[in-house]
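Order of listing sets the numbers, starting from 1, for every ligand and every atom in it. Position 1 is the first residue of the sequence, and the numbers go up from there.
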Amino acid sequence: MSDILKSVTVRDPGEKEFHQAVKEVVESVQPVLDRNPEYRQAAVMERITEPERVIMFRVPWMDDQGQAHVNRGFRIEMNSAIGPYKGGLRFHPSVNLSILKFLAFEQVFKNALTTLSMGGGKGGSDFDPKGKSDNEVMRFCQGFMAELSRHIGPDTDVPAGDIGVGAREIGYLFGMYKKLRNEFTGVLTGKSLNWGGSLIRPEATGYGCVYFAAEMLNTKNDTLQGKTCLVSGSGNVAQFTAEKLIELGAKVVTFSDSSGCIYDDKGIDSDKLEFVKRLKNIRRGRIREYADKYSEAVYTEADGSADHNFLWDHKADCAFPCATQNEINEKDAANLLGNGISLVSEGANMPCNPEAINVFLDKKIFYAPGKAANAGGVAVSGLEMAQNSMRLNWPREEVDNRLKLIMKSIHKTCLDAAAEYGEPGNYMAGANIAGFLKVVNAMLDQGLV
Ligand code: NDP
């Protein structure tokens, strides 16, 4: 184990997701450190793995029956070398310091790849919006923002959504910030269109993930037309990944949620996708209901004790994991290869565990890490910030074209960096190296702060 990994593990024992994310980057950037001894002298690894600031706070809130509850709120301000902290808020019962530190760490490199000026951060709470009324969610968001508002601002730290934080939650959070600060600013992204949001922001992560996949295939003069695709999750990223895949002529056959997955051999077309959007975004139901509605679909209940995830058991050409971290293990990866998968593009953050990634890299299939493939979401958040600063709204085509150009540029940046450091075709190494170089060079320019 490298010295830096050892010290991170000893200093923050138990933060296994954070260690996993750090290990991947440390291994990728080894050749950069070997070529640039001044980085060691400046302790860049020690600095980049230590958050600039960690904020933890109590969030008391009251349910509809008058019962008081307490959740824990967090904001990790990881690195501001190239811009204000930027990254989503996650509301999910699994949220803890390790998960948010891994996400904030990933975000630093991802944001650097977008070509925009954004540092990295992440936050959230172990609050579970599932099964809560709108009023309960509103009261929680107001309590959360009562504390968070002291630490964020349009030039300081600009949160967005993530798992469990969509348009509804961003609305309540923004309303409370505005009331407390008496300021209407671009302090959050993912806002609704008529009060400062950007066109294409809801679509951006999913669309970007598909644009990245298309770029990879393009290197072999291939396209997504006619490809069978597995998509996991059924939230924001999964829905718009599926939407763009359908538009480009691919056949999407799966969706999932934390309870189970559906497989539709006939393909999920635009009408079926509309059903999923209404089911998940408006009725907030379970994906099982897809199989009740469409008899050609098969629903399989998730089994936490199984050694693999049933969603990855089907024959297909491409896989788009869009649910959560570590949803593809080594066995899943082997199943995917056995079923004909030749491309994996990560819509979620760190959905493949390290063993699974090694399976993909060994077989030299197209593997796009989340920090590159899902960077479209934060990129359009950056464009939302730019529009807010100018008090302008760009048309849909303009934002979509910018998103396409950014994804193209990230793709090239990854390939170029991978080739320069002796790992041609390895998008993971390329993403880590290119993101790292941009951030550490800015840190060195700014002195020991
Ligand atoms: P949503 O909350 O909209 O959807 C999350 C989906 O994943 C839901 O279908 C959810 O099922 C499922 N899911 C969540 N946790 C688990 C779990 N532990 N096991 C199985 N399924 C689970 O979130 P997003 O679509 O926004 O985010 C999905 C992924 O994409 C995350 O990794 C996020 O960090 C990443 N991402 C999101 C971006 C964005 O712009 N939103 C940007 C970049 C990355 P259920 O409904 O049952 O909870």
Specify the closest pair of heavy atoms between [X] and [Y], including all atoms of both residues, with the distance to one decimal.
X: Lys280; Y: Ser234; value: CE-OG, 3.2 Å
X: Leu116; Y: Gly382; value: CD1-CA, 3.9 Å
X: Ala21; Y: Glu106; value: CB-OE2, 4.0 Å

For [X], state whether at least one heavy atom is located under 4.0 Å from any atom of ligand 1.
X: Gly370; answer: no
X: Gly166; answer: no
X: Met350; answer: no

Distance check, rounded to the nearest 0.5 Å: Cys229 atom SG versus Lys244 atom NZ? 14.0 Å
Could you state the interatomic distance from OH (Tyr177) to CD1 (Ile170), rounded to the nearest 0.5 Å? 13.5 Å
Shortest heavy-atom approach to [atom] - which of [options]:
atom: atom 37 (C) of ligand 1; options: Val237, Val165, Asp128; result: Val237
atom: atom 30 (O) of ligand 1; options: Ala348, Gly87, Gly161, Pro202; result: Ala348
atom: atom 29 (C) of ligand 1; options: Ser258, Gly377, Ala323, Gly235; result: Ala323

Could you check whether atom CZ of Arg181 has more than 12 heavy atoms from other residues, nucleotides or ligands sitting under 6.0 Å from it? yes
Does CZ belonging to Arg58 count more than 12 external heavy atoms closer than 6.0 Å? no
Atom indices of ligand 1, in the order listed, that fall short of 4.0 Å to a heavy atom of [X]:
X: Lys280; value: 46 (O)
X: Gly347; value: 30 (O), 35 (C), 36 (N), 44 (C)
X: Arg90; value: 31 (C), 32 (O), 33 (C), 34 (O)
X: Ser256; value: 9 (O)
X: Gly233; value: 9 (O)
X: Lys130; value: 45 (P), 46 (O), 47 (O), 48 (O)
X: Cys322; value: 28 (C), 29 (C)

[X] versus ligand 1: do any nitrogen or oxygen atoms come within less than 3.5 Å of each other?
X: Asp162; result: yes
X: Gly164; result: yes
X: Asn374; result: no

Protein contact to [atom] [nearest heavy atom, distance to 0.1 Å]:
atom: atom 14 (C) of ligand 1; result: Ile163 CD1, 4.0 Å
atom: atom 41 (N) of ligand 1; result: Asn236 OD1, 3.7 Å
atom: atom 15 (N) of ligand 1; result: His92 NE2, 3.6 Å
atom: atom 16 (C) of ligand 1; result: Thr324 CG2, 3.7 Å
atom: atom 32 (O) of ligand 1; result: Asn349 N, 3.1 Å
atom: atom 9 (O) of ligand 1; result: Ser234 N, 2.9 Å

Taking the cut-offs as 6.0 angstrom to the six-membered ring centre and 45 degrees off its axis, would you call Lys272 and Phe255 a cation-pi pair? no
Centre-to-centre under 6.0 Å for Phe144 and Phe127, is that the case here? no
Is the shortest side-chain N to carboxylate O distance from Asp162 to Arg90 below 4.0 Å? yes
Under-4.0 Å salt bridge between Lys315 and Asp265: no
Is any side-chain heavy atom of Thr156 closer than 4.5 Å to a side-chain heavy atom of Pro84? no
Between [X] and ligand 1, which residue portion shows a heavy-atom distance shorter than 4.0 Å: side chain, backbone, both, or neither?
X: Gln325; answer: neither
X: Thr205; answer: side chain
X: Ser232; answer: neither
X: Glu327; answer: neither
X: Arg201; answer: side chain
X: Ala204; answer: neither

Run the numbers on His411 and Tyr427 for side-chain contact (heavy atoms from CB on, under 4.5 Å), then give the verdict. CA-CA 8 Å; His411 177 265; Tyr427 290 92; 2.8 Å; yes
Would the distance check show the side chain of Asn339 and the main-chain N or O of Asn335 forming a donor-acceptor pair, the cut-off being under 3.5 Å? yes
Thr189 side chain to Ala160 backbone, donor-acceptor under 3.5 Å: no
When the ring planes of Phe240 and Tyr207 are compared, do they come out parallel, tilted or perpendicular, using 30° and 60° as the limits? perpendicular
